[in-house]
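Worth saying up front: this structure is predicted, and the values here are computed from it rather than measured.
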Amino acid sequence: MQDEVEPGAPQSTPEAPSPNSEQPRRRHVSRRKRWTTIERDLRAQKGPLLAGVDEVGRGPIAGPVVACAVIMPPDTRAIAGVDDSKRLTHQQRVRLAIKIRERAVAFALGAASVHEIDRINIYQASVLAMKRALGRLGVRPDHVVIDGKVMRTLPIPHTAVVHGDARCFSIACASILAKVTRDLLMTRLAVRYPQYIWDHNAGYTTREHVAGLTSHGITPHHRRSFCRIGDLLLKLEHRTLMDALDPRALDDVGLPDEDDFDYDMIAGAELGLDDAEQGLEREL
């Protein structure tokens with residue numbers, strides 16, 4: 001799969017060389033392909049319909065974990081600019097999410113609630129969100145490829161790729177759709193709970209978020225197993241230097257205006273509000 005070339009790039013016309021001028025030797029520069037051959041090889045072995053799966057929201061102390069499964073067309077060029085969602089800005093993710101949804105053969109979202117995260121742990125909740133996303137796909141994939149390591153409790157044959165969201169196009173597409181969706185959920189929750197600044201931190205541990213916890217306590221959307229305030233304050237002290245060195249240390253969760261979001265992302269993808277035992281209605 002080749003990268004998409006943006007149309008409309010200006011073409012320069014070289015000047016005619018002087019007959020007496022010496023022509024410098026052209027240095028051949030090999031162009032590195034953006035994506036590995038993992039997906040191409042899997043399609044040759046398993047079939048053309050490959051579902052990439054990724055999840056977001058393992059690290060926050062509030063909000064659900066959201067997963068996406070997406071099948072991209074096997075014989076078309078990759079969408080230019082697609083990358084691991086953590087490497088992209090919010091505006092880039094939203095723009096790319098629209099293109100991914102338009103071109104996908106099929107895509108679906110799944111989630112696991114805060115209650116489920118506390119009850120079965122974040123790892124098993126991530127597996128549950130992935131199962132739900134795969135179960136909602138309108139097209140049956142020939143094979144599944146996921147980011148990270150093999151999940152033994154995922155009862156679906158799959159290939160795990162370490163750093164897959166940076167190596168496999170379909171996984172990167174899934175990570176973008178999942179990230180945009182979860183950011184939207186947290187932005188909508190922030191309207192109801194403004195003390196925790198979720199529209200800027202998406203539920204991750206920031207000083208302002210911990211200050212809200214200290215002043216107002218936890219909400220039904222906080223992961224109680226994650227919210228030991230003394231431990232959070234200690235972690236923040238150690239994180240201060242890291243944040244200064246890496247402005248994206250919090251997974252680039254600074255969000256612009258809510259108007260930038262595409263609310264059809266949730267409705268169109270049929271993110272089931274009956275996902276969790278308490279229902280994602282309470283998340284919204």
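Side-chain atoms of I122 and R223, non-hydrogen and from C-beta on, do get closer than 4.5 Å to each other. Using a 4.5 Å heavy-atom cutoff, the side chains of R103 and T76 are not in contact. Residues L213 and I61 have side chains in contact (heavy-atom distance under 4.5 Å, counting atoms from C-beta outward). Counting only heavy atoms from C-beta outward, the side chains of N201 and Y196 never approach each other to under 4.5 Å. Taking 4.5 Å as the limit, every side-chain heavy atom of P60 sits out of range of all side-chain heavy atoms of W198. Put simply, the side chain of I197 does not reach to within 4.5 Å of the side chain of T206, judged on heavy atoms. Counting heavy atoms from C-beta on, the side chains of V150 and H158 come closer than 4.5 Å. A 4.5 Å side-chain heavy-atom check between R101 and V70 finds every atom pair outside the cut-off.
H221 NE2 to R192 CZ: the interatomic distance, rounded to the nearest 0.5 Å, is 5.5 Å. Taken from CG in L42 to OG1 in T159, the straight-line distance is 4.5 Å, to the nearest 0.5 Å. Taking CG of L49 as the reference point, atom CZ of R43 lies at 8.5 Å (rounded to 0.5 Å). Put simply, OH on Y123 and CZ on R58 are 7.0 Å apart, with the number rounded to the nearest 0.5 Å. Taking CG of D199 as the start and CG of L184 as the end, the distance is 12.0 Å to the nearest 0.5 Å.
If you check the side chains of S170 and E39, you find a donor sitting under 3.5 Å from an acceptor.
Hydrophobic clustering of Ile, Leu, Val, Met, Phe, Trp and Tyr side chains at less than 4.5 Å, counting indirect connections, unites I100 with W35. One hydrophobic cluster, built from ILVMFWY side chains closer than 4.5 Å, cannot hold both V144 and L50; they sit in different ones. Note: the hydrophobic cluster containing M151 also contains L137 (ILVMFWY, side chain heavy atoms under 4.5 Å, direct or indirect links). Under the 4.5 Å side-chain contact rule for hydrophobic residues, I218 and V65 share a cluster. Linking ILVMFWY residues whenever their side-chain heavy atoms come closer than 4.5 Å, directly or via other members, leaves L134 and V161 in distinct clusters.
Between the D165 side chain and the I171 main chain, no donor and acceptor come within less than 3.5 Å of each other. With R136 contributing its side chain and L109 its backbone, the two residues share a donor-acceptor pair below 3.5 Å. No side-chain donor-acceptor contact under 3.5 Å links R93 to the backbone of I176. T37 contributes no side-chain N or O that, together with a main-chain N or O of R40, makes up a donor-acceptor pair within less than 3.5 Å. Of the possible donor and acceptor atoms, one in the side chain of D147 sits under 3.5 Å from a partner among the backbone N and O of G164. In this structure, N121 contributes its side chain and Q124 its backbone to a donor-acceptor pair below 3.5 Å.
Screening D83, V82, I38 for a side chain to side chain contact (heavy atoms under 4.5 Å, CB included) with F169, the sole residue that qualifies is V82.
By the neighbour-count criterion of 12 heavy atoms within 6.0 Å, atom NE2 of H163 is sparsely surrounded, having that number or fewer from other residues, nucleotides or ligands. Residue R140 places its CZ atom among 12 or fewer non-hydrogen atoms of other residues, nucleotides or ligands, all under 6.0 Å distant.
By the 4.0 Å N-to-carboxylate-O rule, K131 lies too far from E116 to be salt-bridged with it. Salt-bridge formation is not detected for the pair D54/K179: no Lys NZ or Arg NE/NH1/NH2 atom is positioned less than 4.0 Å from an Asp or Glu carboxylate oxygen.
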